[in-house]
Amino acid sequence: MRITCPICGDRDLREFHYRGAAKLMHRPAPDAGDEAFYDYVHIRENPPGLNRELWFHELGCRAWLVAERDVTSHEFKSVELAAEAKRGAK
Amino acid sequence: MSRLAKGGQIDRSQSVPFSFDGRTLIGHAGDTLASALIANDVKLVARSFKYHRPRGILTAGSEEPNALVGIGTGDQIAPNVRATMQEVYRGLAAHSQNHLGPLAYDLLAVNDLMAPFFGAGFYYKTFMWPKAFWEKIYEPLIRRAAGIGALSGVEDRAAYDKAFAFCDVLVIGAGPAGLMAALVAAKGGADVILVDEDFRMGGRLNADMQEVGGKPGADWAADTVADLAAMDNVRLMPRTTITGAYDGGTFGALQRVSHHIARPGADLPLETFWRIVAKRAILAGGALERPIVFPDNDRPGIMLASGLRSYVNRFAATPGQAVSLFTNNDNAHQTARDLQAAGVRIAAVIDSRADAKISGDFPVLTGASVIATKGRKALRGITVQTASGIRNIETDCLAVSGGWNPSVHLTCHMNGKPVWREDIAAFVPSDGAIPGMIVAGAAGGDFSTHAALKTGAGAAKAVLKDLFGKAPRITLPKAEDAPGAMTPFWHVSGGRGRAWLDLANDVTTKDVVLAHRENFRSVEHLKRYTTLGMAPDQGKLSNLGALAIMAELTGQTIPETGTTIFRPPYTPVAIGALGAHGKHKGFAPERFIPSDALAREQGARFVEAGLWYRPSWFPAGGETHWRQSCDREVNMVRSSVGLCDVTTLGKIDIQGPDAAEFLDRVYANMFSTLKVGRVRYGLMLREDGMVMDDGTSARFSDTHFVMTTTTAAAGQVMTHLDFCAQVLWPELDVQFISVTEQWAQFAVAGPRSREVLAGLCDTAITDEAFPYMSCGEVSIGAVRGRLFRISFSGEHAYEIAVPARYGDALARTLDGAAKALGGGWYGMEALNVLRLEKGFITHAEIHGRVTADDIGMGRMVSAKKDCVGKVMSQRPGLSGPEREQLVALKPVGAVKQFGGGAHLFNEGAPQVRENDQGYVTSHCFSPTLGHPIALAFVKNGHARIGEHIRMKDYMRDIETICEICPPVHLDPEGGKLRG
């Protein structure tokens, strides 16, 4: 598998660490309550098809990335810096 | 000799001596081990897997199921090497496998007599009971019998390498289709990699007598290879097998770099495992000839017609002097003509088709089939059923051809399902099975040479248009375009002997019938019940024959019966190649502390801490046991001063206007209130509320902190901080970087620690300038360093840091100063005792399942701010009396030892899991207290101080009564730290 890091370019999968669903970007407000945090920490949809995921270019530039990946074909539709995605979402 | 007088692509001027089972034989350069054995009249080369049947060479390719041999000498014999793929070289030592006693008189051949009992499912039915027999009798028995080649049990000392390559077009297979595809792609300007598993590119062109472009096919192939080699946008990789197709145009490839060289240079690996990334791929892997199944079809001397042609035409070696052929197609008739041209006598051609049109100066039997064979160690004759009766024919080689199966394997590696083509009675790759891959030639079911050249060129043009928008005009060389008629004929029914489907695993047609009778009818069940197509064969030769039989039995068609999934690797890959550079220091690189050289000079014993090597203890004169050294070092720290290299702790330099805010969010406790020049202990939680790590952070300015982590969690914490800064709070203006390796850091601990530093630093080290939990910059001569007044021992202590390049010099300076005061170095053992006496935790305690409250730090989770893990840590059930809580244990009465990992039970309660009260995480003998101490987690432990509890260590068989006590044994008020 290959991932195109926005900073480093097209790189081998083994440079990256997979963290899981991009839901982790959206940490609940401190006063959201433990149910909201429980959902944030533990509950995942895991649908087939396109998923938004967090990847860490650990053995590269150490950028956290948000990737859209089709988990049935392993095809990446987009990869962007998590920091930019987070800023853009606001 | 079976070497033909002329012809072939061998170099007769180079004689190559090699040995087989100790016998010296002569081959030629250009021979494989198989062809050289045939040239030397060796027919019996192996014993079969289960029944130890005598076996010969069946094929001339990597699909060979029989001729698996060991290559090498002494304890470095590589098992299960295919003789058909191994090139001969001077001094090659090959060994037959899987026999007890000589190959010709294998004592385990007794299994063959027991065959009626060893059918499919034998293990499942036999080794069921009695249960107690499994471990002692059945398993050792099965393990001894399992496998074909044997491992020596010693380390494989061969060197392996790994490599990466990138290209526009990867062409897999260098037969007519692959060569044409590579040529067109290269002429079109693409970066091309052409791989072939053979050492000589050309595929069937090297083995069949035919013309391409007006010259012999082998010559056309050689000329084309030379043309490609001259182009700088082409990389030719012979002796290389594409083993798997993976996502994103990535392919695994095994290159056999020096298997063919007598004395490879020291810098040459045995094999290199490549990862090739290709924008497009063209699969031109050809097809595999399939056998016809008939009784006793496994005798040495029975082989595939394509293999026979390879040996006669390419290697000028004939496996027989009176050769017979058994076929269902026109293609194999070429074999007969080639043999005649080479001067080999044809005993008979047996064609299963009644309407076969064959001509030649040899006996032809149409509508006939082979129903029996004879000759135990070499074929002597066959029995043929014809319309007019039974005939016995004397023959020493029977070539079989049941048609061709396209090599679809790679196209299945990403879940592609091959599709059935009735006209060729074979499975072909489905369209788009591998994104970016086009199939050409025989691999796609186009069997004629003309079709191979045409589809090869067509595939390359399609790729060029796709990549560059244009493709060059190409004139195809002229070649044979006979489709070759074939009528499916899978197996001969009836007959007395067993008919072998999978020769590598000794699976017969009867096993398939049995599987059907016992309702293992789906192909996946059939495979697992009979082991058909497993291990060396991987379905290459056996699959379709078995499917055909199962289809007959179930009344279904072959496509309805289905085909099993082909998975990587296409041919076996040594673990050594996959794991190249992944052993010894390649697996675990070594990290050395700045004082490593000094510690070694002083005779330190080392312990691994992750990849670091840290001194464990420093034996002094007369000390023979680590405990003597450890106790002395502890006493030294408590009474004068000790030195310890603590560089291994993670150090993260954090800067920016929001640095303090950032620390408030990642630490459970408050850091924004920390004054410049002060240090604070911090506790870090995971978002699920469990403790992640602990350490100290020092504030050097409003916008500058230096965080320390534990040695064990340095990487994890750094990744966590990266996550928090980039993913959670990119709006914070904070930057950080790991400086673990940039700063050498030493603990100077003990009542006389200040005296050591006083002579060293330009600044006065006073309680006012450096009170407990303070930090600051100091000058040590011309070197700028940092001084922290922190303690992991409970003593008045400092940690002093300098840029790593001065670490060795500082260590030596500290060494002299400390020794003048009766101090010296202490290692990890003493460090552990010192921290346990003081009740400090490490990752033995914060092991991922404890909360801040469990370790008595619940109140550190600040109520005034949010932090990672705060909300989750406060959920019900994560604090309170039902939790196992951190306490210390001390012995009641005379106890010599505690046990790490030992479990705790209430006195009088049965020692069973239900009554478990907790467990010991760390323990040591405390020379300060004069008895063993331990840290432990005990249910509701904080409320049970003073209670007695029973410790049971099942591993070390220790049982003792302990008293639960507070974690801090030494100086609970902290007077020593401050004073």
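Chain identifiers are assigned alphabetically (A, B, ...) following the order of the sequence lines, protein sequences preceding nucleic acid strands; residue numbering begins at 1 within each chain. Values below: every heavy atom of this structure, side chains too, minus hydrogens, waters and symmetry copies. Fair warning: this is a prediction, and the values are worked out from it, not measured in the lab.
In this structure, the ring-ring contact (aromatic ring centres under 6.0 Å, His included) partners of A/His57, at least two apart in sequence or on a different chain, are A/Phe16.
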B/Asp191 and B/Lys279: CA distance, side-chain angles, deciding distance, side-chain contact (heavy atoms from CB on, under 4.5 Å) verdict: CA-CA 10 Å; B/Asp191 281 327; B/Lys279 289 181 186 146; over 6 Å; no
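Interface summary for chain B: among A/Glu75, A/Arg19, A/Glu58, the most heavy-atom pairs under 4.5 angstrom belong to A/Arg19.
Within the 3.5 Å criterion, the main-chain N or O of B/Asp854 finds a donor-acceptor partner in the side chain of B/Thr851.
Of residues 162-170 of chain B, those residues with a non-hydrogen atom less than 4.5 Å from any non-hydrogen atom of chain A are, in numerical order, B/Phe164, B/Phe166. Against chain B, the residues from residues 27-39 of chain A that qualify, each with a non-hydrogen atom under 4.5 angstrom away, are A/Arg27, A/Pro30, A/Gly33, A/Asp34, A/Phe37, A/Tyr38 in number order. Contacts of residues 40-54 of chain A with chain B at a heavy-atom distance below 4.5 Å involve A/Tyr40, A/Val41, A/His42, A/Leu54, listed in sequence order.
No side-chain heavy atom of B/Trp729 sits under 4.5 Å from any side-chain heavy atom of B/Asp658.
The part of B/Arg275 that comes within reach of chain A is its side chain, from C-beta onward, which places non-hydrogen atoms under 4.5 angstrom from that chain. The contact between B/Thr250 and chain A is made entirely by side chain atoms (from C-beta outward), counting heavy-atom distances below 4.5 Å. Using a 4.5 Å cut-off between heavy atoms, A/Ala22 does not touch chain B at all.
The distance between the ring centers of B/Phe671 and B/Phe662 does not fall below 6.0 angstrom.
A/Thr72 and A/Asp70 form a side-chain donor-acceptor contact under 3.5 Å, judged by distance and modelled atom types alone.
Taking the six-membered ring where tryptophan is involved, the planes of A/Trp64 and A/Phe56 are essentially parallel, since the angle between them stays under 30° and well short of 60°.
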